[in-house]
Protein chains: 2
Amino acid sequence: MRKIADSTVRRLSLYLRFLEDFEEQGVDTVSSEALATRGGTTSAQVRKDLSFFGSFGKRGLGYSVPELASRVREILGLGQTYRVAVIGAGNIGAALVHFRGFEKHGFHVISLYDSDPKKIGRQSNGLVIRDQRDMEDDIAQDPIDIAILVTPASQAQKLVDRLVKAGVKAFLNFAALQLRVPDDVIVKNVSLALELEALSYALRNR
Amino acid sequence: MRKIADSTVRRLSLYLRFLEDFEEQGVDTVSSEALATRGGTTSAQVRKDLSFFGSFGKRGLGYSVPELASRVREILGLGQTYRVAVIGAGNIGAALVHFRGFEKHGFHVISLYDSDPKKIGRQSNGLVIRDQRDMEDDIAQDPIDIAILVTPASQAQKLVDRLVKAGVKAFLNFAALQLRVPDDVIVKNVSLALELEALSYALRNR
DNA sequence: CTATGTGAATGATTTCACAGCT
DNA sequence: AGCTGTGAAATCATTCACATAG
């Protein structure tokens, strides 16, 4: 399959959110125009995004909501479940474990790690905080698909190196630095500082 | 100075992070190549990004770290402080109030709101949780620059409408939906679901 | 001799506009 | 008639390559 732009994949994920709204409301047909309006884009963009993967609509009619939702889920690889570990049991790490919003799409947080002896062994939303030193052994026993990094920046690279060596291929990084990983490992960054600074720039240059 | 790509602004914010590292380490000169390596981009990209705003380097030498840092801060509008309100005192809202990582760049969380009577009046990291019904009055009294939305998706649009009416021009949205706002209002989205789904796609199409 | 700054070239993404189904 | 699917055109972003300054 040809190289798909990241922006396209992200829009598909957005469309899926709308399709699921429509599913809940019992709407059974939707046009590219309706999806575009919701997503702040154009109908041509929606059709082009979908066209990279096939043709799922009916001319003159639009798209079947359940069918398109199911196709988009398939495209995004949401048919399976993912085993997720949260690394760092600080405020944000704990909040992520509490936040069960992504269980719906098959992302299961199965473990939570920290290095602070005061935290290790305690529970956070029914999950025991484990010792970071045991990560490799635990993963060898019971592999994980995705690691969410919510540690101080100073520790992040060392932890990623260890997790990569242990076979983890995907990271969601909250630490405020750029991680170095091999080519076959994927990192997506979530950076509050960066978003706030982009807002700051936009505010001044309106 | 006209339309700068969002990707450029985000890279500037990233470069600033590196420049601050270098400042702390007492490095006083840096090349576009060094910034590029850290940021996972190319030296030409770094120079092009900077060239939209002026020429800050010395040919044959590179950039003065403190000077470039200061210019980038200025470009991003980080010379001032921003008054930030967090809307929603759930797990993530509370974590954001605890997370003082962005104080450094002048983003001050000055208030925290919720609609749950059980939470209102309680403290979260030294900040009293206020009643969402008082938002407009509070803001009229004491304006805010940026609202961080961490409420359930079902309430988000209504809250944004109220805040926009109260004069708020910038939002950082954690809710899993696309907000509708007037043209002069800026919204940046942080969506865990979307990032995880992008990881899912990337994992399957490696 | 080194590293910036920048037009020109290339590459990627979005928009246009319409033919082709239903 | 209405709305999709898609080449072609337009726009936008990145990379190249080199003249220029220290």
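In the text below, chain A, chain B and the rest are named by the order of the sequence lines, each starting its count at 1.
The phosphate of C:dA3 has neither OP1 nor OP2 within less than 4.0 Å of any side-chain N or O from B:S31. Phosphate proximity of C:dT13 to A:S7: absent, as no side-chain N or O sits under 4.0 Å from OP1 or OP2. Applying the 4.0 Å criterion to OP1 and OP2 of C:dG5, one finds that B:Y63 has a side-chain N or O inside that range. Phosphate proximity of D:dA13 to B:R11: absent, as no side-chain N or O sits under 4.0 Å from OP1 or OP2. In this model, the phosphate group of C:dA3 is not approached by any side-chain N or O of B:S32 to a distance below 4.0 Å at OP1 or OP2. Regarding contacts with the backbone of C:dT15, a side-chain N or O of A:Q45 is found under 4.0 angstrom from either OP1 or OP2.
For the 3.5 Å distance criterion, the side chains of A:D49 and A:Q45 qualify, holding a donor opposite an acceptor. For the 3.5 Å distance criterion, the side chains of A:S200 and A:R204 fail to qualify, holding no donor opposite an acceptor. A:D137 and A:Q141 share no donor-acceptor pair across their side chains, judged by distance under 3.5 Å alone.
Between A:T41 and A:L61, the one whose closest nucleotide on DNA chain C sits nearer the 5' end is A:T41. The 5' end of DNA chain C is approached more closely, in terms of each residue's nearest nucleotide, by A:D6 than by the other of A:A44 and A:D6. Comparing A:K58 and B:T8, the nucleotide of DNA chain D nearest to each residue sits closer to the 5' end for A:K58.
Of the candidates C:dG7, C:dG5, D:dT6, the closest approach to any side-chain atom of A:R47 belongs to D:dT6. Closest to the side chain of A:K48, out of C:dT14, C:dG5, D:dG5, is C:dT14.
In this entry the distance linking CG of A:L35 with P of D:dC3 reads 13 Å, nearest Å. Residue A:L68 contributes atom CG, which lies 14 Å from atom C1' of D:dC3 at whole-angstrom precision. Put simply, CZ on B:F52 is 10 Å from C1' on D:dC12, counting in whole angstrom units. Counting to the nearest Å, the P atom of C:dT14 and the CG atom of A:L50 are 14 Å from each other. Straight-line distance from the CZ atom of B:F56 to the P atom of D:dG22: 16 Å, rounded to whole Å. One can place CD of A:E33 at 14 Å from C1' of C:dC16, the figure rounded to the nearest angstrom.
Residue B:R59 places a side-chain atom within donor-acceptor reach of the base of D:dT20, judged by atom type and a 3.5 Å distance cut-off alone.
B:R38 forms a cation-pi arrangement with B:F22, by the criterion of a distance under 6.0 Å to the ring centre and an angle within 45° of the ring axis.
A salt bridge is absent between A:E197 and B:R10: the closest approach of a Lys/Arg side-chain nitrogen to an acidic carboxylate oxygen does not fall below 4.0 angstrom.
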